[in-house]
Amino acid sequence: MQIQPVAGALGAEIAGADLARLSNADTAAIQDAFRDHLVLFFRDQHLTPEQQMDFTRLFGPLQVTPFVKAMDGYPYIVRVLKEADEKGISTFGNAWHADFTSLPEPPLGSVLYALEVPAYGGDTMFANMYAAYDALSAGMKRMLEGLKAIHVGKPYGTKYGPPRDMKTSRSIEIERNRPDADIEVAHPVVRTHPGTGRKSLFVNPIYTLRFDGMSEAESQGLLEFLYAHAIRPEFTCRFRWSRNALALWDNRCTLHYAVNDYDGSRRLMHRTMVAGERP
Ligand code: SIN
């Protein structure tokens, strides 16, 4: 196996691995690379849904994706699909976020496997939240230490959902107006990764609502600063998909963004998640 970093901040492409047939040594090397690079990319993989689930399970138990209809017969797989004729719509993951931080136990990580990709466009971007935290001033770190932020399932709930006239995809069935998505969950703003002991910034614009004990208006300025800081180009990498490529990311210390710039092309991914723990 060859491990080639794709950017200074995070992300590595691994060649020479067949994810359907990994030896114990390869599995251990991939788990080490996952810890070190936070996001891993593999090309030319040929995986059945079962094999994708088996690969996902190497990092922990599978987790059902809430609020999104699962693939028929596969409760742990979601089809992330945009059809070629779906133009000017909002797409799944098209804002910087970590996955489902509105859950008391957000997923540890996610796996995305590309079945059909546009000739160009439809990349996914990632940002390193250890790097974002490390680059803050000592004064800001002191201020954030011990602070919690309130997260809610904005896209899926009744209170903060997208405007009713927003055009959304017909190809991925997302449940909206779910009162349980409005339940507020408090997570530390500075999260310590259980595997590395490193601190990372743990807020994101899709799910974070405000700082615990403060109003939304009081929180807004600092949250906006942190969101902009977190995605400085130096903290990011960008993956150009190819058919049968697979990405695995650590949801505890990264953000990601699905770039929606491929109107007129079909893009189909199979997505699985690894269950996580309370931050
Ligand atoms: C997501 O999981 O947020 C979607 C990522 C993508 O489709 O690139």
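Residue numbers count from 1 along this sequence. Both counts, for ligands and for their atoms, begin at 1 and track the order of listing.
Pocket lining of ligand 1, defined as residues with a non-hydrogen atom under 4.0 Å away: Val80, Phe92, Gly93, His97, Leu112, Thr124, Trp249, His256, Ala258, Arg267, Arg271.
Residues Arg243 and Leu115 come closest through the heavy atom pair NE-O, 3.1 Å. The two residues Arg252 and Pro194 make their nearest non-hydrogen contact at NH1-CG, 3.7 Å.
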Item checked: Check against side-chain contact (heavy atoms from CB on, under 4.5 Å), Leu223 and Leu209 -> CA-CA 9 Å; Leu223 282 175; Leu209 188 61; over 6 Å; no

May I have the list of side-chain donor-acceptor pairs in residues 2-10 shorter than 3.5 Å, sequence neighbours left out?
none

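Relative ring orientation between Phe92 and Phe100 is described as tilted, the plane-to-plane angle lying within the 30° to 60° band. Using a 30° and 60° split on the angle between ring planes, Trp96 and Tyr257 fall in the tilted class, from 30° to 60°.
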